[in-house]
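What follows is one structure encoded as structure tokens, with my remarks underneath.
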There are 2 protein chains.
Amino acid sequence: MKLKDLAEHLQLSQTTVSRALNGYPEVAEETRRRIVEAARRFGYTPNAAARRLATGRTGSVAILFPAERNLLVDPHFSDFLAGLAEKFGEADMDLSLKATRKTEELDTYRHLATMGRVDGFIVSSPRSHDERLSLLAGLNMPFAVHGRSQDGLDFPYFDIDNEGAFRQATELLLDLGHERIALLNGIRELNFAQAREEGFRLALAGRGLSADPELIFNGPMVEEMGYRQTCHLIDRPAPPTAVLAASVLLAFGAYRAARDRGLTIGRDISIIAHDDGLPFLKAETLEPPLAATVSSIRNGGYRLAEILLGRIAGKPASELQEVAPVDLVFRPSVGSARK
Amino acid sequence: MKLKDLAEHLQLSQTTVSRALNGYPEVAEETRRRIVEAARRFGYTPNAAARRLATGRTGSVAILFPAERNLLVDPHFSDFLAGLAEKFGEADMDLSLKATRKTEELDTYRHLATMGRVDGFIVSSPRSHDERLSLLAGLNMPFAVHGRSQDGLDFPYFDIDNEGAFRQATELLLDLGHERIALLNGIRELNFAQAREEGFRLALAGRGLSADPELIFNGPMVEEMGYRQTCHLIDRPAPPTAVLAASVLLAFGAYRAARDRGLTIGRDISIIAHDDGLPFLKAETLEPPLAATVSSIRNGGYRLAEILLGRIAGKPASELQEVAPVDLVFRPSVGSARK
DNA sequence: TTGTATGCGTTATCAA
DNA sequence: TTGATAACGCATACAA
């Protein structure tokens, strides 16, 4: 059943029927009622392709991810994706998932944009200097970024206060008397990792200390990495008394390392992490409960979807930039530095 | 730039240009050359919505997943998704990810289908009796299933030989003298879990044994579950001498339990699992290396995408049904039963 | 081998 | 408040 059929059945023009169904104001209430009723009765649904062609809007957004380094196995990414899918589902928009080789990534953005296959893009894991952002800005394509960059571009984004979070966490450790503090961080190129390191450094500088490069690690945020790096740290001549981890997964590995080495967490070594709220690995249920700066990455996906929708609806970038504050939750995995 | 502009520039009709670009045979080679060259030079790309409307094909497929139970955190699902995304990307098709509440799931299928927003669906994790399948068959919508059901419907699918795999693995254990064998399985409602249990039972029956219901567990395939269930098993009066796990994640938990209880894996207790080829958790690098039936779930996603594309292209279901055999790889996590 | 004309199912413009 | 009609940009049946 198409619009024409419905209109003929109702003895009305397509125009009127279309207007009634799309909620335009200039339709008599009685008429609208009849139309809506009939549409429901016949199970009429507008054809998506036709509507797209007529309106110029596709009702779909895309997110690209590198095919090689399988980002989908990263629970942070997956959970973020879940947040996106939830909001876009509510808005009845399609979220299209694109695996692309690194070398073809920019071409894929161009391809999808010039074919008019999407209304916008979600960009995740921005690097400090990220060519995707200038490309999309140049293509005049709506996009929204999960995080920020340092390219000086003005674009819609959702980010958390990574610098503030890590400054706070570091200050807590300093207040407890820790001075040799290690940082287990994400991959160096990613902007959020740099922001976190910056927060770490600022806190130290505030006490007249400076970061020891040998206590800073960058790498994938997986358990294995947390384990290996923490073992390495503990085996040093002067091991750190506290570890600050960029993810609960890393902290989980650090817990394993500490246990292996016979250290009591919270007493012999303090551990604190940033908690993205991964549903299967909760900071509060570790043993001992893990102190953390918390912020749900899934919720971040949800909010970023709203932001992209706002952008597509024409809002200016300046109204679509959000930095969520991060709370610090104290738990027994941190204690005062041992003398 | 649109088709019309390009045609005018070339002094040709839209028809000819369209035909040349879409690879129709009835175009003079010389003409085609000119057209292709000009298209490239002007960066012409056909508009997706217009093409959709004209051809009736959307160039997009969807996969739905339950919003509550966040399936995206399941690495099996994510890896499967990666395989899908790879193949659909190659075919330049959009893979649309839909989070939907369980109660609205069937409505969402209907909604997307009647709006003509997709050319087909990927259905994952079928239950033994699954109403999604009959719904989609009734809607006359192409779909392809990751696994099978027991509804007696004829549809395209990709599955692995779950029954055969678990029969083989069980037989191996029996050959090594094990008689009290535990099964750590997935959720009971899912068809693949039933097939695995069936294989397990068949192997036992072949030796005149029957499965002990107290040694069969169903639940989510996560490390925690493997750990808890194996602890429980070991603490029994007559603990099993071997454990058969439906996933390396479960086996990983079983390893932890065995270590906690001071058992040596491969000697005091044998462990074997099905290995979906998750990239971050390899059976061969566990300590000791884990014996397993192997089959890449990511590759399954890739194959299933091909199958759905075949269905959309009009192939009959009977040509699109594939059951991949599963190899058994022997490794030191299994040994002969202790007397 | 090329071109003409029409259809695809909406939404948007303009007039009544 | 409603309706006729023109886009939207492409593909394709039919004609030449």
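Lettering of chains follows the sequences in order, A, B, ..., and the numbering in each one begins at 1.
Remark: P of D:dA11 and OH of B:Y24 are 8 Å apart, rounded to the nearest angstrom. To the nearest angstrom, P of D:dC8 lies 11 Å from CG of B:N47. Put simply, CD on B:E29 is 15 Å from C1' on C:dT2, counting in whole angstrom units. Nucleotide D:dC10 holds its C1' atom 15 Å from the CZ atom of A:R117, rounded to whole Å. Protein atom CG of B:L6 is 12 Å distant from nucleotide atom P of D:dA11, rounded to whole Å. The interatomic distance linking B:K4 (NZ) with C:dT4 (P) rounds to 13 Å, in whole Å. In this structure, CD of A:E8 is placed 14 Å from C1' of D:dG3, rounded to the nearest angstrom. Rounded to an integer number of Å, the gap from B:L21 CG to D:dT12 P is 13 Å.
The residues B:E37 and B:R41 are annotated as salt-bridged, a charged nitrogen and a carboxylate oxygen being separated by less than 4.0 angstrom.
Using the six-membered ring where Trp is involved, B:F155 and B:Y157 have ring planes that are perpendicular, over 60° apart on the 30 and 60° scheme. Between A:Y109 and A:F121, the ring planes are perpendicular. Angles over 60° get that label, and only those under 30° would be called parallel.
In this structure, of D:dG3, D:dT12, D:dT1, it is D:dG3 that holds the atom nearest to the side chain of A:R19. Residue A:S18 places its side chain closer to C:dT11 than to any other of C:dT11, C:dC8, D:dT12. The A:A54 side chain lies nearest to C:dT11 when the options are C:dT11, D:dA11, D:dG3. Nearest to the side-chain atoms of A:K2 among the listed nucleotides C:dG3, C:dT10, C:dT11 stands C:dT10. Nearest to the side chain of A:E26, among C:dT10, D:dT1, D:dA13, sits D:dT1.
Dashed line: the shortest gap from a side-chain N or O of A:S13 to OP1 or OP2 of D:dT2 is not under 4.0 Å. Side-chain nitrogen and oxygen atoms of A:T55 include none within less than 4.0 Å of the OP1 or OP2 phosphate oxygen of D:dC8.
Mapping A:P25 and B:Y44 onto DNA chain D by nearest heavy atom places A:P25 at the nucleotide closer to the 5' end. Map A:P46 and B:Q14 each onto its nearest nucleotide of DNA chain C; the residue landing nearer the 5' end is B:Q14.
Counting any heavy atom pair closer than 4.0 Å across all strands shown, A:L3 reaches a base atom. At the heavy-atom level, A:T15 lies under 4.0 Å from base atoms of the strands shown.
Close placement of the A:F42 and A:H9 rings is indicated, their centers lying within 6.0 Å of each other.
Of the candidates B:Q150, B:R127, B:R148, B:H129, B:N191 forms a side-chain hydrogen bond (donor to acceptor under 3.5 Å, both in side chains) with just one, namely B:Q150.
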